[in-house]
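Data first, discussion second: the structure below is written as structure tokens.
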There are 2 protein chains.
Amino acid sequence: MATSAEVARLAGVSRATVSRTLSGNARVSAETRRRVEAAAATLGYVPDVAAQSLSGGPSRTIAVGFFADDTWALSQLTKPKHYFYLNVLRSIEAGAAAAGYDLLLPARPPDPETSGSYVRGLRARRVAGTIMVACPPGDRRIQALLEAGLPSVFVDAVATGPCATWVASENREGAQAVTRHLIELGHRRIARITGTETDPSGGERLRGIRAALAAAAIPEDPGLYRRSDWSTEGAYHAANELLAARPDLTAVVAESDMMAIGVLRALHEHGLRVPEDVSVTGFDDIDLAAYALPSLTTVRQDTEAMGGGAVKALLECLDGGHAPAPVRLPTELVVRRSTAPPAR
Amino acid sequence: MATSAEVARLAGVSRATVSRTLSGNARVSAETRRRVEAAAATLGYVPDVAAQSLSGGPSRTIAVGFFADDTWALSQLTKPKHYFYLNVLRSIEAGAAAAGYDLLLPARPPDPETSGSYVRGLRARRVAGTIMVACPPGDRRIQALLEAGLPSVFVDAVATGPCATWVASENREGAQAVTRHLIELGHRRIARITGTETDPSGGERLRGIRAALAAAAIPEDPGLYRRSDWSTEGAYHAANELLAARPDLTAVVAESDMMAIGVLRALHEHGLRVPEDVSVTGFDDIDLAAYALPSLTTVRQDTEAMGGGAVKALLECLDGGHAPAPVRLPTELVVRRSTAPPAR
DNA sequence: CTGAAAGCGCTTACAG
DNA sequence: CTGAAAGCGCTTACAG
């Protein structure tokens with residue numbers, strides 16, 4: 001690896017001038033610029049990132065945390081049940097790359113007790129900021145992040161501070177819209193399967209479902225409610241329970257597409273047709289929603305805007321020194337083949 | 001952030017002693033060790049990674065590249081059609097975390113012409129080594145990596161060097177086994193839909209399919225072959241083409257589960273039942289394979305062993321200075337509900 | 001516009 | 001076993 005000293009020698013200037021020329025934020029004569037850039041190109045010079053950040057330069061690294069089941073690691077993100085967040089991660093990466101940032105996936109021990117050391121680990125790596133996905137509210141690690149003043153953007157979580165803000169979908173409105181869709185089709189006995197309680201978006205969606213039921217004067221029926229864990233398998237079991245307890249249900253609202261896929265299987269095994277016998281809805285509109293049998297009626301989240309908005313907000317924190325206002329992103333009802341008027 | 005100087009002051013020793021104590025690879029008196037560790041704990045001291053690597057210490061960072069469609073970025077990995085590799089990434093992360101390594105997802109411009117700068121970017125970040133997933137053979141970026149001597153492990157790709165090795169499944173054997181399964185059920189007109197040509201595992205699987213057909217003396221029939229791109233959508237279209245051109249087919253071998261899901265939809269839309277009218281097989285055994293309707297007969301790849309093996313091989317490169325031998329991992333035929341004897 | 005100097009926080013021979 | 005010193009490669013005031 002060539003160093004700035006070698007580039008300086010070849011260009012006949014000082015190391016300081018090399019640094020100024022390549023960083024772009026200082027005035028350099030046109031002739032000097034030309035010589036330095038030529039020398040850098042010849043030697044294939046790339047500044048050492050460790051040295052750069054050690055001497056006060058920007059680190060150009062964003063840490064991404066994903067946060068579920070009391071663990072804070074990418075391994076969570078790669079779990080099938082969190083498939084949706086992959087699309088968010090993709091747009092985070094695209095946004096970060098466009099701004100010249102690398103992504104760091106910290107491999108710190110996920111012990112909740114060591115929230116302080118987690119944050120210190122991020123500092124030790126000189127990350128510019130963090131994007132934290134799906135943090136349960138009140139988790140002490142959020143506090144540690146806020147106290148440390150590390151610029152942070154929370155996705156699908158709500159936390160604010162001088163250097164912290166959040167981005168999330170209109171979960172309540174989306175769930176309300178899809179439930180209303182079922183009600184308008186004529187459904188009254190609508191079962192719902194939710195994700196984990198600690199997840200804020202799960203709670204928001206449940207409130208949306210309830211609001212739609214209340215608006216139609218359909219009384220609350222706890223027997224039609226099951227809580228699951230966002231997984232296909234968990235929803236499959238929950239649906240089996242519901243079908244055993246309440247064979248009169250005519251529709252199932254699942255709070256994610258992956259859960260809806262589990263519901264479809266449970267209905268299939270009970271010999272029930274979708275949508276003729278039972279309607280099913282999902283949430284997220286992952287790509288597989290269109291390939292489910294039947295294709296899923298669902299609520300689309302704008303993953304581009306979620307990830308891109310998170311990066312944009314973080315860059316604003318970094319540049320401006322303080323966090324922009326939180327963002328709520330609109331959702332969209334997508335009607336496909338898994339919903340129809342009730343027959344029973 | 002506390003520095004080693006502050007820890008040294010509090011412990012009443014020199015910075016050198018702090019470094020020696022905490023790095024663990026030097027003799028220190030028990031009393032000194034106790035004082036230094038107490039001081040470090042009190043101050044919440046975490047060594048600055050940039051300074052560490054600048055002064056010759058290990059960087060404790062592994063770069064992960066994913067490589068498809070001529071792009072080299074995580075964004076590829078998060079594409080639905082590469083869903084399978086998520087499980088590999090998960091085991092890479094677990095292995096790296098266990099060894100105390102963070103994962104870096106470099107956000108370099110994915111221009112194939114700049115393979116040199118890609119590698120220099122990794123060096124500039126002082127990554128200890130790289131794990132590259134699904135690189136097409138002969139890509140110049142592989143060459144750049146080998147020439148730079150950066151310790152590298154290739155997953156689902158074949159490249160070796162003094163500091164480079166690879167890990168892959170027994171793709172040929174797996175594809176041969178699932179095709180043989182269909183033949184033993186009585187199928188003769190077996191269509192196959194493969195992934196991209198440049199992908200080595202795609203070619204290996206195709207060879208396995210052909211070997212099984214040849215062993216049963218079933219002549220090669222180009223009309224029953226379509227190449228796709230690993231995506232659900234692409235396989236859906238390929239299956240539609242096959243059904244239009246060759247309505248006499250009785251089975252479809254898809255080279256991935258995600259493609260098989262697209263095939264299931266195409267058959268469904270043609271009013272064909274699976275497995276009564278047509279049998280379908282996948283490859284990978286992703287979690288969704290069991291939740292497809294019907295559940296998929298497929299070939300299981302050991303993602304734990306792939307990711308874990310890649311990390312293990314890389315650590316051996318790092319410690320031993322040269323790469324261990326390549327690894328082929330056994331696959332396993334998983335028979336579910338999407339295959340049956342042909343009726344037509 | 002450009003150079004000489006100091007410093008970022010750590011580690012590692014070199015002495016003792 | 002421990003300390004003083006040099007150095008990793010860069011950037012940024014400070015002079016000119």
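Convention: sequence-line order gives letters A, B, ...; per-chain numbering from 1. Just the heavy atoms: all of them, side chains too, but no hydrogens, waters or symmetry mates, feed the values below. Remember, it's a predicted structure, so these values are computed and weren't measured experimentally.
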Item checked: Earlier contact from the 5' end, DNA chain C, for A/R15 and A/R33 -> A/R33
Note to self: Around atom CD of B/E316, are there more than 12 heavy atoms from other residues, nucleotides or ligands closer than 6.0 Å?
What the structure shows: yes
Note to self: Can you see whether A/T61 engages B/R125 through a side-chain donor-acceptor pair at a distance of less than 3.5 angstrom?
What the structure shows: yes
Checklist line | Whole-Å gap separating P (C/dC8) and CZ (A/R123) | finding: 17 Å
Next item on the list: Would you tell me if any nitrogen or oxygen in the side chain of A/T32 comes within less than 4.0 Å of OP1 or OP2 on C/dT2?
Entry: yes
Notebook entry, point to check: CD of A/E31 versus C1' of C/dT2: gap in Å, rounded?
Noted result: 14 Å
Notebook entry, point to check: By side chain to side chain contact (heavy atoms under 4.5 Å, CB included), which residues pair with A/A63, not counting sequence neighbours?
Noted result: A/P106, A/L122, A/V127, A/T130
Margin query: Nearest heavy atom decides the nucleotide; on that basis, is A/A50 or B/A16 closer to the 5' end of DNA chain D?
Written below: B/A16
Notebook entry, point to check: Closest to the A/V13 side chain: C/dG3, D/dT2, C/dG9?
Noted result: C/dG3
Check: Rounding to a whole Å, what distance do you find between B/R125:CZ and D/dC10:P?
Finding: 14 Å
Checklist line | Phosphate OP1/OP2 of C/dC8 contacted by A/S55 side-chain N/O (<4.0 Å) | finding: no
Notebook entry, point to check: So, is B/S4 close to the C/dT11 phosphate, meaning a side-chain N or O under 4.0 Å from OP1 or OP2?
Noted result: no
Margin query: In this structure, how many angstroms lie between the P atom of C/dT11 and the CZ atom of B/R60, rounded?
Written below: 13 Å
Checklist line | Interatomic distance where OH belongs to B/Y45 and P belongs to C/dG9 [whole Å] | finding: 10 Å
Margin query: Take a 6.0 Å sphere around CD of B/E6 and say whether it holds more than 12 heavy atoms from other residues, nucleotides or ligands.
Written below: yes
Checklist line | Identity of whatever pairs with C/dA4 - Watson-Crick or G-U, under 3.5 angstrom | finding: none
Notebook entry, point to check: Can you check the B/D48 CG to C/dT11 C1' distance for me, whole Å?
Noted result: 13 Å
Checklist line | Which nucleotide in D/dG3, D/dC10, C/dT2 has an atom nearest any side-chain atom of A/S29 | finding: C/dT2
Next item on the list: Give the nucleotide from the list C/dT12, D/dT2, C/dG9 with an atom nearest to the side chain of B/V28.
Entry: D/dT2
Check: Taking NZ, NE, NH1 and NH2 as the nitrogens, is one of them in B/R60 or B/D102 under 4.0 Å from a carboxylate oxygen of the other?
Finding: no
Margin query: With a 4.0 Å limit, can you tell me whether A/R27 has a side-chain N or O closer than that to the phosphate oxygens OP1/OP2 of C/dC1?
Written below: yes
Notebook entry, point to check: Between D/dG7 atom C1' and A/L54 atom CG, what is the distance in whole Å?
Noted result: 12 Å
Next item on the list: Please report, rounded to the nearest Å, how far the P atom of C/dG9 is from the CZ atom of A/R120.
Entry: 17 Å
Next item on the list: Return no unless some side-chain N or O of A/T17 is found under 4.0 Å from OP1 or OP2 of C/dG3.
Entry: yes
Item checked: Residue matched to D/dA13 through Watson-Crick or wobble contacts both under 3.5 angstrom -> none
Notebook entry, point to check: Are B/E31 and B/R34 within salt-bridge range, i.e. N to O under 4.0 Å?
Noted result: yes
Note to self: Using only modelled atom types and a 3.5 angstrom limit, is any donor from either the side chain of A/R20 or the base of C/dG3 paired with an acceptor on the other?
What the structure shows: yes
